[in-house]
Every structure is written in C-alpha cells, then in structure tokens.
Amino acid sequence: MHPKRKKRLLGLVVILVGVGLASAITIWSLRQNMLFFVTPGDVAAENIPPGRPFRLGGLVQPGSVTRAEDGLTVRFTVTDGEGDIDVAYDGILPDLFREGQGVIARGAMDQAMVFQATEVLAKHDENYMPPEVAEALAEKGHPLPSRPQSAGDGTP
Amino acid sequence: MSRAKRIFHQFGSPPWLFRFAGWLIPWLWLVCIALGAWGLWWGLLIAPPDYLQGESVRIMYLHVPSAWMSYSIYLLMAIFGFCALVWHVRAAEIMAMASAPIGAAFTLVTLVTGSLWGRPTWGTYWVWDARLTSELVLLFLYLGVMGLHSAFDEPRKGARAAALLSLVGLVNIPIIHYSVVWWNTLHQPGSVGVDGSSIHPSMLWPLLIVALAAKFYYGANLLSRTRVRLLEENRHRRWARAWVTGGID
C-alpha cells in the first residue's frame with residue numbers, strides 16, 4: 001500500500017478507536033440516566049424517598065386492578081417478580097392496558113408508599129401473533145402477555 | 001492484478017460505473033416493485049391482525065424495514081466514506097454522499113410510522129427513551145452529513161469532510177441496535193434475529209419480503225443518483241458527451 005494511504009488509514013483508525021472509547025466511557029458513566037424506568041425491585045433496593053418523581057416499569061399483577069367508587073381512579077399492583085408496588089392513577093389508560101401487561105407509570109411514591117401516577121403507558125413486548133395462535137397458546141397454559149421486560153435477544 | 005483489485009478499480013472508473021449502473025438500475029427497479037407490491041399486499045391486506053394490537057400491527061410492515069434500512073444505509077455510507085478518505089476514490093465519495101438523503105428518508109419514515117404506532121399501542125406519540133432518542137440522533141447525523149457536504153464550494157473537500165463526520169457518527173449505530181438490550185426502554189426488544197423470531201410466520205414472511213424490496217429500492221436509488229452526479233462532473237469528457245448527444249448507453 002502507498003505510504004500516504006497507509007498514513008491516512010492509520011489516522012482514521014486512531015480517530016475511530018478514540019471516538020469509540022470516548023463514547024463507551026461516556027455511556028458507561030451515564031448508565032443510570034439512560035434507564036427509562038426502574039422496576040419495583042430497584043425501588044426496594046435503592047430506597048427512593050417519597051415525593052421524588054421517577055418512572056416505574058413492570059407487569060400489572062393479574063387480579064390486582066380495582067376501580068374506585070368515582071369510576072376514575074384505578075388502583076393496581078406493578079410487579080417484577082422481586083417486588084410489588086401499589087399504583088394509583090386517575091386518567092385515561094392506554095388501550096393495551098390489562099392484567100399481565102407491561103406498563104410504565106410516571107409519578108412518585110406518597111407517604112403511604114403508594115405510587116401516585118400522573119401518566120401510564122403500556123409496554124408492548126416483542127411477540128406478534130394472530131388471535132387464534134394466542135388463544136391456542138393460552139389454552140395450553142402459556143401465560144400471555146407476560147414476557148419479562150429484559151428478555152432481549154440483542155436484535156432489532 | 002488480482003480479481004478483487006480489478007473490480008475495485010473498475011468501480012473507481014466513472015465511464016465504467018456509469019454504464020454498469022445504467023444496465024443494473026432497471027433490473028433493481030423491477031425486483032423492488034415486484035417484491036414491494038407482493039409484500040405490502042400480503043402484509044397490509046392478507047396477513048392476520050395481532051392478538052393485542054389489532055390492525056395497527058400493519059404499521060410494522062413499513063416501520064421495521066425502514067428502521068433496518070436507516071442504519072444499514074448509514075453503515076454503507078460510512079464504508080464508502082472510509083474508502084473515499086483512504087484511497088480518494090471519487091466514485092466512493094459520490095456514493096457516500098448519495099446514500100445520505102436516502103438514509104435520512106428511511107429514518108424519517110421510521111420515526112413517523114413509529115410515532116403513529118406508539119399512540120394506539122403505548123398511549124403516547126413520543127418518549128425520550130434510548131431507542132427513540134438514538135434513532136432521532138441518526139436523523140440529525142444524516143442531516144449533518146448532507147449539510148456539511150453542501151457547505152463547501154469544492155465538492156471533493158465537502159464530501160471528504162462529510163465522510164469523516166459519518167465515520168465519527170458510526171458510534172451511534174451500536175447504540176441504536178443495543179439500546180433495547182443495555183437499558184430499560186419503552187420500545188420493545190428485537191423480534192427478529194439470527195436465532196429465530198418471535199413474530200408468527202404469517203406476519204414474518206410479508207415483513208421480510210418488504211424488507212428485501214427496500215434493499216433493492218436503495219440500490220436503484222443510489223445508482224440513479226450516482227449516475228446523475230457522474231454525468232454532471234464529467235460533462236466535458238468525451239464519453240459523457242457521446243452519451244448525451246448520441247444516447248449511447
């Protein structure tokens with residue numbers, strides 16, 4: 001290879017490695033801030049004080065959804081298998097909201113350790129199937145929809 | 001000269017590339033339109049609705065292929081840019097710069113369709129989670145590459161500066177890809193991988209066909225843009241003038 005081209009090639013490789021390393025270090029140091037939500041297990045471990053806003057993510061515990069007398073406030077439990085947190089919310093729930101569904105709620109803990117949500121979003125998982133297949137799976141005893149949040153396989 | 005080296009040199013030759021692209025483009029369009037029509041007809045009309053999302057799952061047939069294209073085109077643009085910077089091949093500069101607007105368009109389609117899907121599914125058009133934010137950064141990178149390229153009076157200087165920017169922006173690609181694995185995000189993890197798919201085959205097949213059609217679209221679009229640019233830059237050369245006046249391909 002021509003020495004001039006070799007020099008350019010080397011220069012580029014140095015730049016790319018440098019930029020890559022700098023980004024990796026930045027991302028690593030910001031890893032806590034990159035999390036869109038925390039799970040009930042994290043909340044228990046980190047002891048988040050009442051009043052501090054955060055996003056709570058997990059599955060809606062089956063059988064836990066109740067509506068208050070006023071017909072607006074909904075209460076349910078969010079679980080991740082390591083902890084449970086009671087959530088209260090008075091607003092419009094997304095269409096996908098149901099028991100067993102992944103949700104992300106924004107809000108803060110109150111003094112009674114109930115999470116007062118100001119917004120509830122439904123989290124969709126990576127499974128796509130026709131209704132008949134879902135029914136067949138449910139009949140065989142597969143719980144749906146209830147894949148854990150972090151079960152990514154590393155592909156888009 | 002080895003076979004690989006000869007192909008590399010041929011691609012660097014404007015008249016050869018111009019003629020080769022001219023021969024290939026109609027075939028690429030043919031396959032693109034056939035596959036695109038087949039895949040979209042299957043996906044939008046024939047494929048079943050999803051058990052949870054209902055009919056809104058059909059947005060996937062546009063969103064997922066666009067998302068795949070948005071970062072594969074970026075990767076190719078960076079490879080062309082790398083060749084342009086190291087070997088100073090004009091054809092590589094042209095192809096890198098011609099890739100940017102196509103990639104930007106696919107990124108925009110990804111963001112818009114994703115947003116329209118997010119409203120009925122998640123309950124919001126937009127959140128600042130790692131996947132959505134890094135895809136938005138990708139759009140800005142494309143716009144930055146296009147802007148930097150056109151900011152220079154001398155096209156070759158502009159192309160090389162923009163190629164360097166595209167190489168620096170390469171760090172964003174693994175971030176987009178792994179954002180859903182490394183961090184908690186609202187966006188779901190990937191459904192399709194080398195080890196299988198969590199999309200039912202009745203929905204996966206049309207998706208893969210549209211994705212293939214998108215690749216042919218990129219090829220046809222890229223080569224058309226490259227041809228225009230080659231003709232413009234070589235307008236004083238004999239082969240270019242012969243083509244324009246005589247219509248010889």
Side-chain angles (χ1 to χ4, degrees), chain A residues 1-2 4-6 8-9 11-12 15-16 18-20 22-24 27 31 33-39 42 55 57 92-98 101-104 119-135 137-138 144-145 147 149-156, chain B residues 47-54 57 60 64 67-68 71 82 85-88 117-124 127-131 164 167-172 174-200 202-204 207:
Chain A
M1 198 185 251
H2 196 279
K4 227 172 161 180
R5 285 174 196 155
K6 210 168 200 172
R8 288 200 291 256
L9 184 73
L12 270 186
I15 291 175
L16 287 184
V19 171
S23 319
I27 289 168
R31 64 194 180 282
N33 298 319
M34 299 294 289
L35 298 180
F36 190 67
F37 59 87
V38 295
T39 58
D42 298 334
R55 287 197 191 84
I92 299 160
L93 288 164
D95 290 348
L96 249 66
F97 181 90
R98 62 198 71 193
Q101 175 74 36
V103 291
I104 294 174
E119 181 190 47
V120 173
L121 301 178
K123 191 169 167 12
H124 190 265
D125 65 15
E126 66 275 32
N127 296 308
Y128 293 76
M129 64 187 98
E132 309 84 63
V133 177
E135 273 166 33
L137 279 177
L144 281 170
R147 284 274 290 266
Q149 310 279 5
S150 57
D153 59 354
T155 46
Chain B
D50 181 71
Y51 76 109
L52 260 184
Q53 305 160 56
V57 71
M60 169 181 80
V64 174
W68 285 339
Y71 63 78
F82 186 83
L85 285 171
V86 175
W87 287 279
H88 287 192
W117 179 83
R119 187 68 188 88
T121 313
W122 297 332
T124 181
V127 290
W128 293 99
D129 84 344
R131 173 53 78 78
L164 189 63
L167 282 172
V168 171
L170 213 49
V171 290
N172 191 39
I175 297 178
I176 298 175
H177 191 90
Y178 289 108
S179 54
V180 290
V181 182
W182 291 341
W183 306 298
N184 295 336
T185 52
L186 178 59
H187 195 286
Q188 64 269 30
S191 298
V192 185
V194 280
D195 51 346
S197 149
S198 55
I199 300 178
H200 191 264
S202 60
M203 301 166 161
L204 182 64
L207 177 68

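Below, chains carry the letters A, B, ... as their sequence lines are ordered, and counting in each starts from 1.
- At a threshold of 4.5 Å between non-hydrogen side-chain atoms, the residues B:Asp50 and A:His124 count as touching.
- Scanning both residues, A:Glu126 and B:Ser191, for their nearest heavy atoms gives O-OG, 2.8 Å.
- In this structure, the portions of A:Leu35 lying under 4.5 Å from any heavy atom of chain B include both its backbone and its side chain.
- Between the side chain of A:Arg8 and the backbone N or O of B:Trp87 there is no donor-acceptor pair closer than 3.5 Å.
- With contacts defined as side-chain heavy-atom distances shorter than 4.5 Å, the pair A:Arg55/B:Asn184 does not qualify.
- Contact annotation for B:Ile175: only side-chain heavy atoms (C-beta onward) come within less than 4.5 Å of a heavy atom of chain A.
- Considering only heavy atoms from C-beta on, A:Val133 stays 4.5 Å or farther from B:Tyr51 through its side chain.
- What you find for A:Met129 and B:Met203 is that their closest heavy atoms are C-CE, 3.6 Å.
- For the pair B:Gln53 and A:Tyr128, the minimum side-chain heavy-atom distance is below 4.5 Å.
- At least one side-chain heavy atom of A:Leu121 sits under 4.5 Å from a side-chain heavy atom of B:Val127.
- For B:Ile176, no part lies under 4.5 angstrom from a heavy atom of chain A.
- At a 4.5 Å heavy-atom cutoff, the contact between B:Thr124 and chain A is made by backbone and side-chain atoms alike.
- What you find for B:Ser202 and A:Pro130 is that their closest heavy atoms are OG-CG, 3.6 Å.
- Looking at B:Val57, the atoms closer than 4.5 Å to chain A (heavy atoms on both sides) all sit in the side chain, from C-beta outward.
- Residue A:Leu9 touches chain B through both its backbone and its side chain, counting heavy-atom pairs closer than 4.5 Å.
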